[in-house]
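Values below: all heavy atoms of this structure, side chains included; hydrogens, waters and symmetry mates excluded. Chain letters run A, B, ... following the sequence lines, proteins first and then strands; every chain starts at 1.
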Amino acid sequence: MASIREILSRDPDGATVVVKGWVRTKRETKGTVFLELNDGSCFRNVQCVFDAATLDANSRNALERAGTGAAVAATGSLVSSPAAGQTLEVKASALELIGEADPETYPLQKKQHSFEFLREIAHLRPRTNTFGAVARVRNRMAFAAHSFFQERGFQYIHTPIITASDAEGAGEMFQVTTLDLDAIAKGGKSVDYARDFFGKRSYLSVSGQLNVEAYCMALGSVYTFGPTFRAENSNTTRHLAEFWMIEPEIAFAELPENMELAEDFLKRLLSSALDDCAEDLEFFDKRIQSGLRESLEAVRSSKFAHMSYTDAVAELEKRKDSFEFKPFWGCDLQTEHERFLTEQVVKGPLIVTDYPKELKAFYMRANDDGRTVRAMDVLVPRIGEIIGGSEREYRYDALVGAMKAKGLDPAAYGWYLDLRRYGTAPHSGFGLGFERLIRWVTGMENIRDVIPFPRAVKQAEF
RNA sequence: UCCCCUGUAGCUCAGCUGGCAGAGCAAGUGGCUGUUAACCACUGGGUCUGGUGUUCGAACCACCACGGGGGAGCCA
């Protein structure tokens, strides 16, 4: 059986084809019925044309009951279409109704639905234009990410999802337990984690970075691409409790090389979207966010701007009055600051480097000035921070000092410190939020609409 | 966690100062010789999110709960 994508690429030579898919719309005139089928293989539908008078009873009955959402198989010949709107169509001679969709109750109609409504039927929304396109782009972006790294000799490392380290320092964690919480609550006793599955408290990982650093110090260029869990009580269009993160880590590399990698990586992903998902992107450009393609094209052919945190703050201070939060050296860059820098100052992606050490994690390489670290955040217009990375602190004493300064116990990081004790070397890496990338590439506003089944605060349906 | 908005038909919404529950789309039926957001006509469709209160009378006012959205913080 050929996919609709494949069928639509053929010549209209009258050959017999069987199209299996789901009915998107049905249009009827007295003698002719038009059925548009989609099978998810591409954005476009294939139009099947039925002459009711020439159909046998079975097909006529199937056609009558084939409403929006029904699964059907149409048999006919592939011909060029006499009407505008499509070049090819299937002149159908038979229709089989595979799975009915009662039009009285099927929630999807042949009209536009709000994303809020579609979120409530997440199991059916992939059957819409928008969510089908999102899924295809998402797939392609994952493929492009692997291709990019594999072509450059990076090794894909599977870092653990469960961790017993409660101090990875990247946010609230979900606790994992096999203890019977109901029984413990009823018993009124305190929890004895020694009796838990791992013999101690354990959590879902908030980052694969610390683990992948170990493999970086053995295999050179490595990356992770896996699910990540954050139990933050954040309710925004850009946070999820469960999301996918890509984290490359490169050995013997300092910050400039890291920035170059991040820029090459993002450009490669954009190129793949523009070239490999042209049809889907055309839809996003037309219906979701106008000017999308042009802005992605512009990024692809631009050079990312670079700015130190200190210079960024100086830039912001010039326009102090236009901000709700007044910028000052040492402040965290607010959303409004990030947007100003990317959308007004550099009008494109911006890499901000060398943040005050107080704002960043313990593992970042300290600069000689004693007050900044070699961090780099990639900010993009509309989205804000899409990548957070750094050169890592590879000097044992400096790393222990940074831990203590942050109130962390070096003893809890024994194996991580071993990496600095034996054959340590400069290395750098970053984390890319995959869903944020998809938001950027598709123009979709809400991060819950670029992952199939979103998990967020008070939201774990489906 | 904080701030703001919102909840009325399957969907998107209107509903004035408190006085008989509305529209468009969808669905059903009929019509139409090729439609493509098809078109035309007709029909059915409601616990106005839930609770409590105020009132002769509540979709509308007050309070509480729940759901949805947006913004901020946290971050990827």
Side-chain angles (χ1 to χ4, degrees), chain A residues 24-36 44-53 64 67-69 79 81-86 89 91 101-121 128-129 168-172 206-209 224 227-247 262 287 324-325 331-339 359-361 377-380 383-389 430-440 445-451 456-459 461:
Chain A
R24 280 295 176 81
T25 77
K26 176 160 78 167
R27 292 180 294 270
E28 292 178 83
T29 65
K30 182 163 193 174
T32 314
V33 179
F34 301 89
L35 220 51
E36 277 198 42
R44 279 181 293 164
N45 305 326
V46 66
Q47 173 168 279
C48 300
V49 188
F50 297 84
D51 180 358
E64 236 165 68
T68 303
V79 299
S81 178
Q86 60 282 314
E89 66 184 24
K91 190 172 156 53
D102 180 2
E104 295 278 3
T105 56
Y106 185 60
L108 292 173
Q109 303 166 359
K110 48 183 190 178
K111 55 169 275 188
Q112 287 199 357
H113 289 288
S114 67
F115 292 145
E116 291 81 2
F117 171 67
L118 292 172
R119 256 169 243 151
E120 292 169 10
I121 49 167
T128 63
N129 284 335
E168 292 184 13
E172 294 296 312
V206 294
S207 165
Q209 181 200 316
T224 72
T228 305
F229 306 90
R230 305 260 169 104
E232 299 289 348
N233 186 11
S234 51
N235 212 300
T236 75
T237 56
R238 56 192 185 282
H239 289 88
L240 290 167
E242 178 183 293
F243 64 98
W244 291 68
M245 188 152 65
I246 298 170
E247 296 172 290
R287 294 296 178 83
E324 193 185 333
F325 293 89
C331 78
D332 241 326
L333 293 184
Q334 306 290 317
T335 300
E336 58 175 339
H337 300 152
E338 293 179 355
R339 294 197 66 157
L359 297 181
K360 292 295 183 183
D377 285 359
V378 181
L379 313 178
V380 300
I383 304 296
E385 183 180 345
I386 197 167
I387 279 178
F430 61 81
L432 169 100
F434 191 56
E435 285 75 17
R436 289 189 177 177
L437 173 85
I438 306 300
R439 274 183 81 210
W440 187 28
E445 292 286 347
N446 196 317
I447 200 165
R448 296 170 195 204
D449 295 332
V450 297
I451 189 168
V457 186
K458 299 267 192 287
Q459 185 171 45
E461 289 300 308

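Contact annotation: A/Asn446 side-chain N/O to B/G70 OP1/OP2 distance is under 4.0 Å. In this structure, A/Ser207 does not reach the B/A76 phosphate: none of its side-chain N or O atoms is under 4.0 Å from OP1 or OP2.
Looking only at side-chain heavy atoms (C-beta outward), A/Arg448 and A/Leu240 come within less than 4.5 Å of each other. Side-chain contact between A/Ile447 and A/Arg436 is present, with at least one heavy-atom pair separated by less than 4.5 Å.
A/Thr236 comes within contact range of at least one nucleobase, with a heavy-atom separation under 4.0 Å. Base contact: A/Glu89 has a heavy atom under 4.0 Å from a base atom. Residue A/Asn45 is out of contact with every strand shown, counting any heavy-atom pair closer than 4.0 Å. A/Glu104 comes within 4.0 angstrom of sugar-phosphate atoms only, judged by non-hydrogen atoms across all strands, and of no base. Among the protein residues, A/Phe117 comes within range of the sugar-phosphate backbone only, with heavy atoms under 4.0 Å from sugar or phosphate atoms but none that close to a base. At the heavy-atom level, A/Ser81 lies under 4.0 Å from base atoms of the strands shown.
Along RNA chain B, the nucleotide closest to A/Glu324 and the one closest to A/Lys111 are compared, and the more 5′ of them pairs with A/Lys111. Comparing A/Pro103 and A/Lys458 against RNA chain B, the residue whose closest nucleotide sits nearer the 5' end is A/Pro103.
Look at CD on A/Glu28: it is 12 Å from C1' on B/G28, rounded to the nearest Å. When rounded to the nearest whole Å, the span between CZ of A/Phe243 and P of B/C74 equals 16 Å. Atom CG of A/Asp449 is separated from atom C1' of B/G69 by 12 Å (rounded to the nearest Å).
Using atom P as the reference point in both B/C48 and B/C39, the two lie 32 Å apart (nearest Å).
Base pairing of B/A76 is not made with any nucleotide, judged by Watson-Crick or G-U wobble geometry with both donor-acceptor distances under 3.5 Å. The nucleotide B/U17 finds no pairing partner, because no Watson-Crick or G-U wobble arrangement with both distances shorter than 3.5 Å includes it. Of the nucleotides present, none pairs with B/A59 by Watson-Crick or G-U wobble criteria with both distances under 3.5 Å.
Rounding to the nearest 0.5 Å places CZ of A/Phe34 at 11.0 Å from CZ of A/Phe50.
When each of A/Leu108, A/Asn129, A/Thr68 is paired with A/Arg24, the side-chain contact (heavy atoms from CB on, under 4.5 Å) condition holds for A/Asn129 and for no other.
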Could you walk me through whether A/Arg27 and A/Thr25 pass the side-chain hydrogen bond (donor to acceptor under 3.5 Å, both in side chains) test, one step at a time?
CA-CA 7 Å; A/Arg27 292 180 294 270; A/Thr25 77; 3.2 Å; yes
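Evaluation of A/Phe434 against the base of B/A76 yields no stacking contact (centre distance < 5.5 Å, interplanar angle < 30° required).
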